[in-house]
Asker: 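Pasting a structure below so you can have a look.
Order of the sequence lines sets the chain letters (A, B, ...), proteins ahead of strands, with each chain counted from 1.
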Amino acid sequence: MEFQVLDVDYVLVNEKPIVRVFGKNREGETVCGFYEGFMPYFYVTGDGLEEHLRGNPQVLSIEKVKRCLPVGYQEPSEVYKITLRNPAKTPEIRDMLRSKGYVPYEADILFKYRWMNDNGIGGMKWIKTTESNGIATTSVTAERKVQMKHLEAVEKDEDAPLKYMAIDIETVSDDAGKMPEAERDPVVLISLVFEPGFRGKKHIILSTRAGDGIDPCSDEKDMLKKLVDTLNEYDPDVITGYNINNFDMPYLIDRMRKNNVKPVFGRCTSKYVRYDKFANRYKITIIGRLMADSFQIVKSGWNLKRYGLDFVSKELLGEEKGDVKKSEIGKYWRGTQAEFKKLADYCLQDSRLAMNLLLKMKLLDKYVALAKISGSLLNDILGGGEIQRIENYLLREFNKAGYILPSKADRVPEENGNGEKKDSLKGGFVLEPKRGIHSMVLVLDFKSMYPSLIRTYNICPTTLVSDDKAEGVITTPLGARFVDRKTRYGIMPRILENLMAERGKVKKQMSQAEGRVFDSLNMKQLALKVMANAFYGYFGYSRAKIHNIAIASAITSLGRRTIQETVKTIEGEYGFEVVYGDTDSVMIKVPTENLDEAERMGRELSTKITEKLPGIMELEFEKIFKRFLPLTKKRYMAWSIERGKDGEWKEDVVMKGIETVRRDWCELTSETMCQIIEIILKHNDLKEAVKYFRDIVNKLLDGKIDIEKLVITKTITKRPDSYVGVQPHVEVIKKMMGRKALDIPGVGDRIGYVIVKGTQLLSKRAEDPSYVKDNGIKLDSNYYINNQLLPPLERIFGAIGVDREELLGMGKQMGLAEAINNHNHKHEQEQAAREPVIVSVNDVNGFLCSKCNRPYRRPPLVGRCECGGSFLFSSASGPADMVRIR
DNA sequence: TATTCGCGGGG
DNA sequence: GTGTACGCGAATA
């Protein structure tokens with residue numbers, strides 16, 4: 001029989017551990033494989049161990065074995081292998097030995113992972129086993145139960161058919177001013193969506209109120225029982241929902257406890273489903289099933305302005321979500337049958353959308369690929385845990401080669417005594433960008449720089465030289481030394497060689513694949529890349545089992561040296577100007593307007609430089625920036641052109657470190673930024689860009705910008721009176737309450753507001769957009785220019801030498817020639833930044849001297865007051881908005 | 001210029 | 001469970 005691994009755990013039966021593998025076979029049957037006879041063990045170095053363990057009932061055996069210690073180039077040594085009876089007692093023994101000065105190795109490996117690694121089993125991989133009788137009597141639900149006497153891992157790219165179930169709940173509290181609390185507020189509605197369907201149904205809605213299309217429940221306890229029953233009968237492999245990990249599931253578990261309903265709906269019938277809370281977050285454990293929270297996956301995979309289900313569904317699925325205000329759920333629940341129906345539909349819609357996101361957006365695919373490559377269980381990979389992924393992989397590879405891993409240090413050293421700060425690891429080398437807009441810039445990248453460096457210089461804990469050995473030793477820029485590959489091939493370089501070779505193979509397969517096969521190969525290729533790139537950072541991470549700054553900084557120092565020398569070569573030997581570079585990439589300006597010519601130069605540079613690079617280091621020609629505008633280190637924009645798969649040139653606007661969407665920016669800001677970036681890059685016309693900006697400013701001043709584009713949104717999280725500071729969205733609600741407006745937003749609702757003219761504090765001038773429209777109130781164009789448009793745009797214009805004075809057309813004529821010649825107006829810019837800016841002559845009704853405060857209707861021709869002071873403009877909206885012009 | 005603070009997502 | 005695991009922008013020192 002063959003089946004795919006979904007989850008693994010163990011139980012003690014007659015005081016002996018039995019490993020249980022929960023999975024699915026090709027036919028879609030649930031399988032539970034049992035493995036008996038595997039015992040927990042770890043390693044210890046030191047002498048005279050026996051006397052401390054003699055007579056200890058937990059210890060099954062102590063033997064001396066030959067293993068290589070992980071850090072430092074050395075020969076194998078004799079270590080104790082201690083085998084215990086009970087995995088759970090390991091920490092006790094480990095800590096006792098540690099307190100007596102022994103050093104334990106691999107004494108913190110989860111038992112299931114110990115078993116998996118020793119047997120070559122990984123999450124979502126396939127197991128082949130011979131079926132046999134004599135099934136262990138542990139309480140699990142599975143259609144096929146197998147005693148695994150013999151098992152082997154099978155290479156298989158396909159996936160077993162899985163069953164998915166989405167859950168969403170609604171709760172109602174008496175106090176609409178707070179988030180619901182499980183201690184107090186009941187669950188009133190539960191919607192379940194099935195894929196594939198359950199007894200011919202695509203969904204079920206449970207509620208304590210009866211209604212059309214609803215499975216009525218006598219009370220909350222009855223409803224929760226029905227939920228547990230449905231879960232067990234449908235028996236899903238994957239449970240999803242939107243923020244289910246941090247809301248619905250912990251809430252349901254709490255309510256079950258409260259109502260005396262046993263939370264037993266995993267595939268082990270003797271273990272409760274439970275949650276653990278840490279770092280203000282929940283982790284749900286449902287033995288044998290996968291928890292996949294659509295919200296968490298979307299959040300980590302997409303860069304969006306907001307992550308509410310309504311916004312995300314619209315963006316990713318193109319599906320609109322009908323809205324029920326969070327604060328009005330109680331009203332609907334207690335309302336008419338029609339209102340209740342609306343609430344039930346809303347609940348159903350939420351679980352449908354969570355399901356649609358998971359399936360249509362194939363949210364699991366990337367994680368399945370990562371699980372298969374790394375050997376970790378899918379549940380652990382979905383919970384984040386990059387470290388675990390790597391350490392699992394390392395454990396397997398180190399053990400295969402006869403090495404053992406350290407246990408994690410029991411406390412993390414905050415700083416070492418030498419005054420060094422924790423983890424002062426230097427990163428990549430970043431070249432100071434040459435200011436201005438550059439045309440025809442080649443982009444060349446070092447191919448997988450860090451993995452390639454590790455391979456080229458044989459960097460590994462197992463090759464690190466600590467004594468004065470001199471022969472066959474590679475010295476890195478900061479002094480760390482490693483034996484060469486001939487002396488001993490490191491495990492790290494070997495792992496990376498395999499991962500990179502595998503990726504090459506997959507990419508080749510991709511070239512003749514299409515559809516689903518192509519997609520799955522692409523995911524695999526991506527996962528291989530992610531894994532390969534994760535190893536270098538591992539040694540610099542303070543909680544890693546092998547935390548070693550010497551190794552981490554050996555890698556980055558080699559990186560810095562490599563790119564610096566490459567820049568020198570390009571400028572010295574080839575005479576090209578390198579306008580920017582960061583860690584593993586160089587941007588090179590070339591004297592041609594012709595794309596094919598530039599491409600030829602790029603390829604030639606790549607070949608010639610690669611020839612002289614050591615080992616497998618490779619500098620690749622990536623693409624051409626037709627236009628390249630660096631703002632600062634790590635921030636640039638470019639009009640990029642590269643050859644597509646079909647050999648045709650394909651163009652794209654790329655931005656690094658520049659945000660165009662931010663939750664506290666109105667639409668006008670994002671839109672204007674995009675437009676201006678487009679004009680600068682594609683038209684290369686500064687005048688046009690400035691003109692565009694001024695047009696927007698003028699429209700703003702004339703009230704010609706659609707108010708919708710000026711709305712800023714924020715969620716209200718507490719009751720308005722419980723805010724300490726003054727916040728714009730809260731002020732809006734207070735105003736609405738004051739005038740008894742309809743539809744006043746409540747806690748949890750999003751509030752859109754605009755800033756209007758006035759003399760009060762900024763936050764106090766926030767207003768409800770529809771109120772502004774109805775009453776013809778003037779918006780504060782000053783605010784929109786100074787706080788919304790200028791901050792991001794000034795940075796962009798600043799990079800091409802246009803300061804805010806020129807931008808607003810108030811100072812001297814714009815010196816475009818100067819601008820292009822990279823004039824640095826840094827001092828002026830700094831000064832301007834500290835001062836508010838005049839926005840429009842329309843807005844001005846007088847002048848004041850900045851020194852003596854003498855008012856003028858018109859300024860004297862000399863441009864200064866009699867006392868010598870400069871002028872302040874006083875605007876129509878009064879002294880508070882007074883602005884200075886230089 | 002570094003460090004703490006607060007909030008998101010969910011009802 | 002052989003555990004312990006946000007992440008980023010804003011406000012503040």
Side-chain angles (χ1 to χ4, degrees), chain A residues 9-11 17 39-42 58 82 84 86-95 104-115 167-173 175-182 184-189 241-251 271 274 276-283 285 287 293-296 298-300 303-304 306-312 324-330 332-333 343 346-347 350 354 380-389 407-408 421 541 543 659 662-665 714-718 724-725 727 746-750:
Chain A
D9 81 341
Y10 82 93
V11 277
M39 302 308 276
Y41 64 87
F42 65 99
Q58 288 304 329
I82 299 170
L84 303 179
N86 180 353
K89 299 290 183 193
T90 309
E92 196 182 292
I93 312 281
R94 173 236 290 155
D95 294 340
Y105 287 75
E106 298 184 6
D108 50 8
I109 312 292
L110 261 41
F111 187 59
K112 61 183 175 191
Y113 276 115
R114 169 66 81 196
W115 177 82
I167 304 177
D168 184 53
I169 66 171
E170 306 298 325
T171 69
V172 166
S173 78
D175 185 355
K178 282 184 187 156
M179 269 300 282
E181 282 170 34
R184 198 186 51 202
D185 309 320
V187 176
V188 297
L189 266 161
Y242 205 75
N243 203 22
I244 188 171
N245 280 345
N246 282 294
F247 181 73
D248 305 68
M249 207 42 101
Y251 205 99
K271 282 185 181 176
R274 55 157 221 281
D276 295 271
K277 198 180 178 188
F278 47 85
N280 238 351
R281 248 160 182 83
Y282 296 92
K283 188 196 163 172
T285 311
I287 307 287
D293 188 330
S294 298
F295 163 65
Q296 287 187 342
V298 168
K299 196 161 177 246
S300 62
N303 187 19
L304 301 175
R306 293 195 303 272
Y307 293 91
L309 182 53
D310 50 349
F311 188 81
V312 168
V324 166
K325 279 192 183 173
K326 304 287 190 188
S327 59
E328 290 180 345
I329 287 171
Y332 283 106
W333 167 248
L343 183 61
Y346 172 81
C347 179
D350 281 7
D380 293 332
I381 286 184
L382 287 166
E386 189 171 41
I387 277 295
Q388 198 217 9
R389 225 161 59 206
S407 305
K408 192 163 38 192
K421 286 278 174 288
Y541 180 60
R543 282 200 276 244
E659 288 174 294
R662 253 175 70 168
R663 79 175 68 226
D664 53 349
W665 283 349
K714 233 177 169 183
T715 304
I716 180 135
T717 53
K718 326 184 252 195
V724 260
Q727 290 204 42
V747 175
D749 295 340
R750 290 194 70 81

Asker: Measure from the side-chain heavy atoms of Arg114(A) and tell me the nearest of dT2(C), dG9(B), dA5(C).
Answerer: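 Shortest atom-to-atom distance from the side chain points to dT2(C).
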Asker: Given the P atoms of dG9(C) and dA5(C), what is the spacing between them in whole Å?
Answerer: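 Per the computed distance, 23 Å lies between those P atoms.
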Asker: Looking at dG1(C), dG9(B), dT2(C), which one has an atom nearest to any side-chain atom of Arg94(A)?
Answerer: dT2(C)
Asker: Side chain of Lys112(A) only, please: which of dG1(C), dG8(B), dA5(C) is the nearest?
Answerer: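 Nearest nucleotide to the side chain: dG1(C).
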Asker: Under 4.0 Å between any heavy atoms, over every strand shown, what does Leu84(A) touch: base, sugar-phosphate, or nothing? Just pick one.
Answerer: nothing
Asker: In whole angstroms, how far is the C1' atom of dG9(B) from the CE atom of Met179(A)?
Answerer: 8 Å
Asker: Base, sugar-phosphate alone, or nothing: which one does Pro87(A) contact when heavy atoms must sit under 4.0 Å apart?
Answerer: base
Asker: So Ile329(A) and Val172(A), do their side chains get closer than 4.5 Å, heavy atoms only?
Answerer: yes
Asker: Within the structure provided, determine whether Trp115(A) and Leu110(A) are in side-chain contact (heavy-atom separation under 4.5 Å).
Answerer: no
Asker: With side chains defined as the heavy atoms from C-beta onward, is the minimum distance between Gln296(A) and Asn243(A) less than 4.5 Å?
Answerer: no
Asker: Go through dG8(B), dA5(C), dG9(B) for me and flag the one nearest to the Lys283(A) side chain.
Answerer: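 For the Lys283(A) side chain, the nearest candidate turns out to be dA5(C).
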Asker: Of the options dT4(C), dT2(C), dG1(C), whose atoms approach the side-chain atoms of Tyr10(A) most closely?
Answerer: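 Of all the options, the side chain of Tyr10(A) is nearest to dT2(C).
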Asker: Please determine, for the side chain of Glu659(A), which listed nucleotide (dT2(C), dG9(C), dG10(B)) has the closest atom?
Answerer: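 Given the options dT2(C), dG9(C), dG10(B), the side chain of Glu659(A) is closest to dG9(C).
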Asker: With a non-hydrogen cut-off below 4.0 angstrom, is Arg389(A) in contact with a base, only sugar-phosphate, or nothing?
Answerer: nothing
Asker: For Ile109(A), which contact category applies under a 4.0 Å heavy-atom criterion: base, sugar-phosphate, or nothing?
Answerer: base
Asker: Over how many whole Å does the gap from Tyr307(A) atom OH to dG9(C) atom C1' extend?
Answerer: 14 Å
Asker: Nearest nucleotide by nearest heavy atom, which residue falls closer to the 5' end of DNA chain C, Asp380(A) or Lys277(A)?
Answerer: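 Nearest-nucleotide comparison on DNA chain C picks Asp380(A).
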Asker: Atom OH of Tyr41(A) to atom C1' of dT2(C): distance rounded to whole Å?
Answerer: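 The distance from OH of Tyr41(A) to C1' of dT2(C) comes to 12 Å, rounded to the nearest Å.
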Asker: Round to the nearest Å and state the distance from Phe278(A) atom CZ to dT4(C) atom C1'.
Answerer: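 Going from CZ in Phe278(A) over to C1' in dT4(C) covers 6 Å.
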Asker: Within the supplied structure, the quantity of interest is the number of heavy atoms (other residues, nucleotides, ligands) at a distance under 6.0 Å from Lys271(A) NZ; does it exceed 12?
Answerer: yes
Asker: Of all the nucleotides listed (dG10(B), dT2(C), dG9(C)), which has the minimum atom distance to the side chain of Arg662(A)?
Answerer: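 Looking only at side-chain atoms, Arg662(A) lies closest to dG9(C).
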Asker: Establish, yes or no, whether the cationic atom of Arg94(A) lies under 6.0 Å from the six-membered ring centre of Phe42(A) and within 45° of the ring axis.
Answerer: no
Asker: In this structure, how many angstroms lie between the C1' atom of dG7(C) and the CZ atom of Arg281(A), rounded?
Answerer: 9 Å
Asker: Under 4.0 angstrom, heavy atoms only, what part of the nucleic acid is Tyr242(A) near: base, sugar-phosphate, or nothing?
Answerer: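 Sugar-phosphate, no base atom in range.
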Asker: Between dG8(B), dT2(C), dG9(B), which nucleotide gets closest to the side-chain atoms of Lys299(A)?
Answerer: dG8(B)
Asker: Report which part of the nucleic acid Asp9(A) touches: base, sugar-phosphate, or nothing (heavy-atom distance under 4.0 Å, all strands).
Answerer: nothing
Asker: For a quick check of understanding: with a heavy-atom distance under 4.0 Å over all strands, which category does Gly308(A) fall into, base, sugar-phosphate or nothing?
Answerer: sugar-phosphate
Asker: If the cut-off is 4.0 Å, is Arg750(A) near the phosphate of dG8(B), judged by side-chain N/O to OP1 or OP2?
Answerer: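 Indeed not, no polar side-chain atom of Arg750(A) lies that close.
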Asker: NA contact type, Ile244(A), heavy-atom cut-off 4.0 Å: base, sugar-phosphate, or nothing?
Answerer: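 The answer is nothing, as Ile244(A) stays clear of every strand by at least 4.0 Å.
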Asker: Regarding Asp248(A), tell me which of base, sugar-phosphate or nothing describes its non-hydrogen contacts under 4.0 Å with the strands shown.
Answerer: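 Nothing, no nucleic acid heavy atom in range.
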Asker: So Arg114(A) and Tyr41(A), do their side chains get closer than 4.5 Å, heavy atoms only?
Answerer: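 The answer is yes; the side chains approach within 4.5 Å.
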Asker: What nucleotide, of dA5(C), dG3(C), dG10(B), holds the atom closest to the side chain of Ala279(A)?
Answerer: dA5(C)
Asker: Quick one: Tyr251(A) OH to dG9(B) C1', roughly how many Å, whole number?
Answerer: 16 Å
Asker: Nearest whole angstrom, please: distance from the P of dG8(B) to the CZ of Phe247(A).
Answerer: 15 Å
Asker: Between Lys714(A) and Asp749(A), which has a closest nucleotide on DNA chain B that is more 5'?
Answerer: Lys714(A)
Asker: Which listed nucleotide (dG9(B), dG10(B), dT2(C)) is nearest to the side chain of Leu110(A)?
Answerer: dT2(C)
Asker: Find out whether Asp95(A) and Ile93(A) are in side-chain contact, i.e. whether some heavy atom of one side chain is under 4.5 Å from a heavy atom of the other.
Answerer: no
Asker: Whole Å only: how far is the CG atom of Asp276(A) from the C1' atom of dC6(C)?
Answerer: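 Those two atoms, CG and C1', are 17 Å apart.
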